Each structure stands twice: as C-alpha cells, then as structure tokens.
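The next block holds one structure in the form of structure tokens; read it before the comments.
Lettering follows sequence order; numbering is per chain, from 1. In this text, all values refer to a predicted model and were calculated from it rather than measured experimentally.
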Amino acid sequence: MNNFLLELMVEEIPSRMQSSAIYEFERLMIEELGKFRIMYDSARSYISPRRMVFSARLKAMVEEFIEEKRGPQIDSSPEVVEKFLKAYNVTIGDCCEKELDKKIFLFVKIRHSARDTAEILDDVIKNAIRKISWKKSMRWGVNRFCFARPLRNIMAIFDDHPLNISFDEIGLKSCYHTYGHRFLAPQKIEAHNGNEYLEKMKNSFVIVDSNEREQIIRKKFKELESKLNISIEVDEKLLEEVVGLVEYPVVLLGKIPEKFMKLPDEAITVPLRVHQRYFPVRNEEKLAPYFVFVANNVTADGGKTIIAGNEKVLAARLADALFFFETDLQKPLESHLEELKKIAFNEGLGTIFDRVSRVTNVCDYLCESLGTENSLSLKRASILAKCDLSTNMVREFPELQGIMGAHYARIQEEPPDVCAAIRDQYRPAAEISNRVSALFSLADKIELIATFFAIGKEPTGSKDPFALRRAAIGILKIVEKFQFDFDLKEVVGRTISQLSNHYPKLNIIERVYDFVLERLKTVLKESGIQQNILNAVINHEDRILYIFLKSKILSGVIRDSFEEKLLSAHKRIKNLVLSNSCIFVDERLFQKEEEIVLWKKISELEKTLLEMENDGDDFGERFRKQLSACMKMEQTLTDFFDNVLVNINDGQIKQNRLNLLTKLSFIFDGIIPIGLQ
Amino acid sequence: MKSFQDIIFLLQKYWGDYGCAIVQPYDMEVGAGTFSPHTFLRALGVRDWRAAYVQPSRRPADGRYGENPNRVQKHHQFQVVIKPSPDDIQDTYLKSLEIVGIDHKLHDIRFVEDDWESPTLGAAGLGWEVWCDGMEITQFTYFQQVGGILCNPVTVELTYGLERLAMYLQGEDNIYNLNWNGKYGAEKISYGEVCLQQEIEFSKYSFKCANVEKLQQHFSDAELECRQLAEKGLVLPAYDQCMKASHLFNLMDARGCLSVAERVDRIAQVRALAKLCCEAQVKKYE
C-alpha cells in the first residue's frame with residue numbers, strides 16, 4: 001500500500017456548502033477507486049474554506065482481472081450481435097451462451113491486464129472532481145467548467161511522486177505543492193502523504209480538518225468562560241458556519257459599551273449573531289457586555305487592531321438600534337396602526353391595517369366557537385400584533401418582528417398573555433404554551449390562507465410565495481395541541497365575506513378546506529396512520545380535531561385483531577342491507593332467539609350511546625367509549641349470523657330482519673367511518 | 001492619514017498600472033457602478049475588457065436628511081471590471097488593500113459568501129463580500145448572467161465602498177467629518193462640505209417633493225424611447241433610457257407611491273428594457 005494525497009485549492013468555498021461537499025467528494029473518490037478496482041485503505045477527507053483534501057493508502061498495482069459482459073439474446077438480429085462484438089473487439093468464437101431468466105444470452109469475458117495505479121488515478125481524480133454536485137456553482141475566466149468557486153491548484157501525490165494530471169477544462173496542471181495560510185504562510189509547501197501534509201499545513205497556519213478547528217474554538221470558549229466567569233451562547237449552526245469561515249481560528253473577545261445594554265436582549269443578539277457572526281455572552285442568564293468572535297489571523301499586536309475594528313462595527317450597528325429603540329418608545333404601540341394603513345399588504349387585500357381588522361374579526365368568530373374566556377386579551381393582542389411592523393426597530397431588523405412588539409407591549413404594561421401572543425404569532429406551535437397565543441396564531445393563519453385563496457393566489461406546484469402550506473400546518477399543530485374544535489369551513493366563509501371583491505366564494509371555502517385537509521393527510525401519514533383509516537375518517541368527519549382524534553384512536557384500535565371482527569361484521573351488514581333505509585322493526589315478526597337478543601342489545605346500545613352524549617367527556621374519550629360499546633355487539637352479531645338467515649322467502653320476515661340490521665347499521669355509521677370495514 | 005481623494009488616487013494608480021482603462025464616472029444617475037455601461041454592457045460578448053472608475057451612486061431611499069452618520073442617498077463606489085477574470089485576481093485585489101493602507105498583517109480580512117442579484121438588471125453573479133475586521137469593504141463578484149444572457153468569458157467585478165473604506169482608514173465615526181482633501185485646519189475640506197447640502201435637499205426631494213405624476217410620466221417616456229432606440233440598434237442611447245427608467249423607479253419607490261404590485265410590475269418593466277439592450281448589444285458584436 002502506498003500513500004496517496006490529493007488537495008484541491010479553491011477560492012473561499014461558501015461555509016454552508018462545505019460539509020456536504022467534502023462528504024460527497026470522499027464518496028465519489030471511493031466510488032471511482034472501486035470502479036477501477038484500486039484497493040485502498042485509511043481513506044480520509046478534510047475541508048477548509050480554501051481546500052478540499054482526500055488521502056488514502058492505495059495498492060500500487062491493479063491486478064489482472066476478467067470481467068464478464070452480457071450481450072444480446074442469441075436469436076437477436078445479426079446487426080445487434082455484430083455491434084456487440086465490435087464494442088468489445090471480440091469474435092463470436094470468444095463468446096459463450098448462458099441462460100438467464102429462461103432466455104439465452106451471449107456472454108463474453110474481457111481480460112483487463114494489470115495496470116499501475118498511478119496511471120489510472122488521472123481518471124479517478126478527474127471523474128470525482130467533475131461529479132461533485134454543488135447547490136450553487138459558477139464559471140470563471142474563459143472556462144465553461146462549473147465549481148463552487150474558482151479551482152486554483154491541484155496537488156496530487158502518489159507514492160512520493162507527483163501525478164501528472166492535466167485538467168484541461170480549466171487549463172490546470174497538477175503539481176507537487178500547495179500554499180499555506182493566505183496571510184500567515186503564503187509560500188509554497190510540499191508534502192508526500194496525509195500525515196506529513198497535515199503536520200506541514202498546521203505549521204503553515206492551516207488546520208485542514210474542520211472537526212479540529214471546531215474543537216480548537218470550543219476549547220478556547222471554555223477557557224474564556226472559566227477565566228471570565230461567563231457563559232458563551234453557542235448556536236450550533238453559527239458555530240458550524242464560523243468553522244467554515246476560517247483556516248486558522250483565533251478566538252477573540254470584544255466589549256459592548258455599557259450604554260447599549262439597556263436594549264432588549266434580542267436587539268443586541270440578533271445584530272451580533274445574524275449580521276456579524278459573533279457569539280453573545282451571558283453572565284448568570286443575564287446578557288453580558290461582551291461578544292466573542294473567531295478571526296482568521298494572528299497579528300503582532302495580539303489581535304488588538306482586529307478587536308478594535310470589530311468593536312467599532314458593532315457599536316455603529318448598536319447605536320442605530322438604540323436610536324431606533326428610543327424613538328419607538330416615544331409613542332404608544334397602537335399609534336402605529338395609522339402607519340399600517342399606509343403599508344400595502346398585497347394587491348387585492350388592501351393594507352396591513354385592513355388585514356389587522358380582518359384578523360380581529362376572525363378572533364371573534366373563533367371565540368364564538370371556542371369560548372370567550374380570553375376574548376378581551378385576544379382582542380387587544382389582535383390590535384397590537386402587527387404594530388411593530390412599522391417601528392424603526394423592525395424595519396431595520398426584520399428578524400425582530402413579534403419580539404420587539406412584545407417588548408414594547410410589556411414596557412407599556414400590557415397583560416402578559418397579550419405580550420406573549422404578539423411574540424408567539426411567528427413561532428411554531430410547539431413553542432406556544434398559552435391559549436391567547438394559540439387562538440391569535442390560529443386566527444392569523446386562517447385569515448392568511450383564506451384571503452390569498454380568495455384572490456386566486458393559492459400555491460401551485462413548488463411555488464408557495466406566501467408560505468401558505470406552512471401556515472396550514474401551523475393551524476393543524478395548534479388545533480391538535482390545544483384541542484380546538486371549530487368548523488373551519490364556517491370560519492373561512494366568514495373570513496372571506498369581509499372582502500369586498502366579487503369572487504365565487506362558496507368554491508373558495510371548499511378549496512381552502514381541501515388545502516388544509518391535504519396537509520392534514522400528510523401530517524397524519526407521517527405520524528404513521530394507515531391510508532385506509534385516513535380516507536375513511538376524512539369521508540366521515542369534517543372537523544379537523546375529530547379527524548385527528550378519530551384517526552389516532554382507530555389506528556390504535558385496528559392493530560388488535562379482535563376489533564377487526566367488528567369491522568367485518570359491519571361490512572357484512574352493509575352488504576346485506578344495501579339501499580334499505582327502513583328501520584321500523586316489528587317484534588312480533590321475530591322468529592329466532594338471536595333476533596330477540598340482537599334487538600335487545602341494539603336498544604341498549606342506543607341508550608348507552610345517548611347517555612354518553614351528556615357525560616361531559618371530551619371528544620376523544622367519548623369516541624373511545626362509543627367504539628368499545630359497539631365492540632360489545634360483536635358476539636351477538638356472530639350468533640345472529642350463525643343462526644338467522646336474512647334472505648328467506650317470506651318477504652315480511654326478511655324485510656323485518658333487514659330493518660333490524662339497518663337500524664344497527666345506522667348506529668354504526670354514526671361512529672365507525674364508512675370505508676374502514 | 002489617507003484622505004478621501006487619496007484613496008481614489010491610489011486605487012486609480014494601482015488599477016491603471018495593472019492595465020485598466022481609468023474611465024470617468026458615467027454622466028447619469030445610476031444606482032450602482034454596475035449600472036454603468038462600462039460594466040453592464042461590457043460584461044456581454046467575448047471582447048476582453050479592463051476598466052476602473054469612481055461611480056457616484058444614487059439610492060434615494062437611503063437618504064437621511066444628512067442626519068445619520070452612516071447612511072447617505074448618494075455614495076461613491078470605486079469599480080473595477082476585468083474580463084476574462086484573471087486567475088490571480090484575489091491576490092491582485094488584496095494588494096490594492098495594502099496600497100490604500102490596510103495591512104493584512106494587522107487585520108482580519110475574509111471572503112464571506114455573498115451572491116449578488118439585481119432583479120432590475122436581470123443580472124446575477126457569485127462571489128463574496130470582503131470583510132475587514134467584521135466590516136464589509138468590498139463586493140467581489142464573478143458575473144454569471146447579465147440581462148438574462150450567460151456571460152462567457154466571465155467578468156469579475158470589484159466594488160469598493162469608498163466612504164466605508166475612508167471612515168475605516170481615518171478612524172472616523174461620522175461620514176460628514178471625513179477628510180476629503182487631506183489638508184488640516186482652515187484648509188481642510190470635509191465630506192460634509194462637499195456633500196451635506198445634497199443629502200438634505202435630495203432627501204426632501206425624494207421623500208416629499210418629487211412630483212409623482214411627472215415621475216410616472218417620465219418613466220413611461222423613458223420606457224417607450226428605450227424600446228424605439230433598441231429597435232434601431234442604438235444600444236447606448238437605448239441603455240441610457242433604461243438607466244433613466246431605473247432611477248425613476250428608485251425615486252418612486254422612495255417617494256412611497258408604489259403599491260406592492262406596482263413595484264413588482266415596474267421592476268419587471270426595467271428588467272425587460274435591460275434585457276432588450278443586452279440583446280441588441282450581443283447582436284451588434286456577434
């Protein structure tokens with residue numbers, strides 16, 4: 001086994017692409033080695049902003065091997081056979097016949113003679129480079145070749161010798177050397193194997209291994225934390241990004257001037273993280289006047305200039321933020337409603353203010369269905385919810401929508417549930433814990449979907465510019481989490497009735513409902529509910545909450561084979577009664593004991609079910625009880641079918657028996673979704 | 001200390017010596033150096049090109065009445081365009097930073113992904129924003145597409161934000177205090193002396209006084225004329241009208257007289273004009 005080392009030097013590869021790129025590059029290299037039957041071990045790969053590295057130990061020779069190729073069937077036309085022979089440069093005498101799936105094919109054995117690995121590596125490397133698929137790639141110079149960023153140097157060494165690879169697409173020849181850190185060690189560096197390479201690069205201020213860079217940063221963070229008694233808020237995604245922005249991480253600590261610390265936390269941390277890629281620092285939960293960042297350079301002044309520069313950039317951003325914050329506080333939040341009248345929401349849907357009025361009304365409709373205990377807070381929340389959109393702060397930092405609104409509301413002493421609702425409207429259902437937030441978020445999303453559908457801007461294919469699919473899933477998650485039971489169609493109808501446009505509104509209600517239903521099917525399927533249950537329940541129910549609960553309960557039930565009997569009995573009944581809809585039963589026409597028992601049981605069941613309506617259970621619990629009451633009929637039904645013949649000649653008795661079963665069928669239909677049987 | 005004009009002189013000398021034609025700012029209102037035909041139209045076709053120039057760039061919506069120390073409605077870009085993009089362009093660029101006084105031994109200079117896209121120009125490129133100690137000082141872009149047409153060969157565009165660079169080099173927090181001419185005391189001419197009046201007056205104009213009807217009218221006129229000129233194969237005059245339309249759009253946007261839908265429509269209209277000009281240009285040099 002001999003050492004193989006390949007390094008591609010690239011202009012700064014976007015951080016977000018690095019981990020998937022190197023994963024793919026290693027996979028492709030291994031795939032190509034396999035394709036050419038090059039034996040390998042100890043394969044490794046690394047990535048930094050400026051380089052992609054693959055190293056392995058390879059066998060120096062690829063031994064002779066014989067490959068069997070399948071040709072056409074023996075009875076194919078002469079042209080086809082000729083073509084096959086020509087393709088492999090063989091004669092018919094070289095071929096043999098073999099049977100495969102009861103057909104007889106020509107086969108030929110191709111002998112590949114032994115080759116030096118070095119001469120094959122050219123193809124291996126070029127194929128792998130060409131096959132990397134980037135999320136976004138570019139051309140440069142006069143080339144048509146695409147890569148994430150311009151590829152500038154290829155170092156390829158096998159068994160201590162440079163490989164002579166000519167990458168013609170970009171006029172690049174491979175060489176024996178690479179270069180170190182852009183500023184700290186720009187000189188040429190030669191290496192012959194993976195370990196030597198890593199060692200030399202380290203001395204040239206390049207940590208090629210991204211895991212190692214991450215560990216260095218984490219270690220430095222720890223040191224700073226214990227030294228200064230602080231905790232650094234490590235956002236894992238940000239850390240990954242930062243690891244991909246530096247070749248030689250240098251962790252530095254900057255100060256935030258005290259005067260900015262009166263800003264709400266998010267007004268500091270968002271510019272820090274999102275705009276500057278800095279890490280916020282806390283001191284016992286409280287935001288501390290520091291920030292930590294990762295530079296890519298070691299300087300003679302120990303980073304002093306770099307820190308001062310970064311502090312200055314941050315201070316300018318925070319000075320803006322503070323100015324905006326203080327300006328915003330000069331007027332009450334609701335005074336922004338006037339401004340909202342000037343901000344267009346969307347063509348045909350008026351201004352943001354118009355939207356606020358509509359959502360406020362949707363909140364009222366929901367209160368009518370779901371109880372009015374929170375109606376005051378809900379109303380207040382709906383008036384204030386969008387006000388922060390016209391504040392200076394949110395205009396400057398759109399990521400702070402909802403968050404600033406909640407802060408401003410808190411400062412002007414609005415009730416806590418109102419503040420929470422303002423903040424939570426942009427959060428996923430899983431993070432919403434109070435009822436006012438849930439109701440407002442629900443109203444907001446219903447209004448969004450309904451009105452966009454009303455003006456014909458529903459999502460098509462992969463295009464969903466207003467994120468209506470996400471809103472629909474939000475509705476479902478809230479309904480499930482808070483067990484909200486309401487008639488979506490009715491609320492949608494009332495929502496769009498507020499629009500003055502003349503559109504065929506009935507159809508819109510159905511379309512919105514179907515749209516939400518589609519998402520519901522997806523959500524339920526993902527949670528493991530079988531398709532047949534889903535279809536049955538959806539045909540049977542039109543309340544979202546009921547669909548949720550029934551599907552989940554039924555999917556639990558049907559896993560037991562015992563209950564399957566009930567379902568098949570229900571099916572049998574339905575096949576017998578067909579279109580009969582008469583349920584008048586004449587006890588005098590009973591002839592068999594089993595008829596009498598069934599009749600008695602049906603009456604009992606009816607009574608039991610009626611009682612359940614009033615016992616105050618929630619929907620899910622009641623459904624569970626209803627189901628188990630129906631299940632108790634199973635034995636009686638089996639006895640009935642074993643001993644009573646329904647289709648007999650006597651028309652009167654037959655009809656009476658049909659009516660008896662029809663009655664039961666109707667009861668079952670009310671509980672067990674049709675189609676499930 | 002490097003004055004505002006020193007930075008311009010140094011960059012002009014550097015890129016001039018490199019082989020760029022130092023051309024003069026385009027004599028019309030443009031939103032960025034990219035709009036200048038020296039960049040935009042030259043990025044098309046196969047002819048080699050090297051140019052550098054200062055381009056005063058107007059963004060009416062960024063006006064702050066001269067009250068914000070960081071933001072102005074008209075700023076200065078130093079623009080370098082080279083086609084085809086040279087293999088060592090990153091190093092050449094980094095040397096230009098040294099020339100103006102950014103010593104990479106003391107600073108943290110980084111290339112952070114930033115893909116550029118201009119919806120009004122139908123143009124897109126990939127590249128980075130160049131950070132110096134956390135501050136963006138240059139936009140570095142490899143053009144991929146202009147006016148909907150693929151660029152081949154690829155042009156590289158470097159756009160230095162001159163005000164930012166100067167504030168950084170002079171250690172100045174307020175743009176209006178920047179030293180423009182490099183003199184001190186009574187002889188000093190500051191950025192404010194040169195630019196403050198225009199900031200105040202143009203902010204008022206863009207936000208409050210621009211005649212909305214006239215803007216709409218001028219926009220339609222420019223659009224029509226651009227189409228007619230392009231038809232006749234007069235690419236540069238047609239493109240002037242396209243730039244005019246684009247600036248009028250920016251004014252209407254700042255004036256706040258565009259609904260969301262109108263805004264989308266106007267952008268599409270300008271993009272269509274830019275495309276027209278690009279197609280006419282390509283035809284000319286086929």
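Closest of all the heavy-atom pairs between B:Trp128 and A:Glu12 is NE1-O, 2.9 Å. The two residues A:Leu245 and B:Arg110 have their closest heavy-atom pair at O-CD, 3.4 Å. A:Gly309 and B:Tyr168 make their closest contact through CA-OH, 3.7 Å (heavy atoms, listed as atom of the first residue, atom of the second, distance). Closest approach of B:Leu106 and A:Ile306 over heavy atoms only: O-CG1, 3.4 Å. Considering every non-hydrogen atom in both B:Leu126 and A:Ala148, the closest pair reads CD2-O, 4.3 Å.
For the pair A:Phe183/B:Leu94, a side-chain contact is recorded, criterion being any heavy-atom separation below 4.5 Å from C-beta on. Contact annotation: the side chain of B:Val154 never approaches that of A:Met138 to less than 4.5 Å [non-hydrogen atoms, C-beta and beyond].
Contacts with chain B were tallied for A:Ser137, A:Pro14, A:Gly141; A:Gly141 has the most, counting heavy-atom pairs under 4.5 Å. In terms of heavy-atom pairs under 4.5 angstrom with chain A, the leader among B:Gly125, B:Pro153, B:Pro86 is B:Pro153. The candidate from A:Val246, A:Thr299, A:Ile170, A:Leu184 with the greatest count of non-hydrogen atom pairs under 4.5 Å with chain B is A:Thr299.
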Candidate pair A:Arg50 and B:Phe111, rule side chain to side chain contact (heavy atoms under 4.5 Å, CB included), full reasoning: CA-CA 10 Å; A:Arg50 296 175 69 212; B:Phe111 292 81; over 6 Å; no
Stepwise side chain to side chain contact (heavy atoms under 4.5 Å, CB included) test for A:Trp140 and B:Gln144: CA-CA 8 Å; A:Trp140 65 96; B:Gln144 301 294 303; 6.0 Å; no
Evaluation steps, side-chain hydrogen bond (donor to acceptor under 3.5 Å, both in side chains), between A:Arg182 and B:Gln90: CA-CA 10 Å; A:Arg182 195 188 271 295; B:Gln90 277 189 316; 2.7 Å; yes
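Contact of A:Thr351 with chain B is not made at all, since no heavy-atom distance falls under 4.5 Å. Using a 4.5 Å cut-off between heavy atoms, B:Phe143 makes no contact with chain A at all. With a 4.5 angstrom heavy-atom cutoff, B:Asn70 touches chain A only via side-chain atoms.
Sorted by first then second residue, the salt bridge (charged side-chain N to carboxylate O under 4.0 Å, His left out) pairs that include residues 113-131 of chain B, not counting sequence neighbours, are A:Arg16-B:Glu113, A:Lys136-B:Asp115, A:Arg149-B:Asp115.
A:Asn297 places a side-chain N or O within donor-acceptor distance of the main-chain N or O of B:His107, the cut-off being under 3.5 Å.
More than 12 heavy atoms of other residues, nucleotides or ligands lie within 6.0 Å of CD in A:Glu169, so this atom counts as buried by the packing criterion.
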Could you pull out all donor-acceptor pairs under 3.5 Å where a side-chain atom in residues 312-324 of chain A meets a protein atom, sequence neighbours excluded?
| from | atom 1 | to | atom 2 | distance (Å) |
| --- | --- | --- | --- | --- |
| A:Lys312 | NZ | B:Gly171 | O | 3.4 |
| A:Arg317 | NE | A:Gln276 | OE1 | 2.9 |

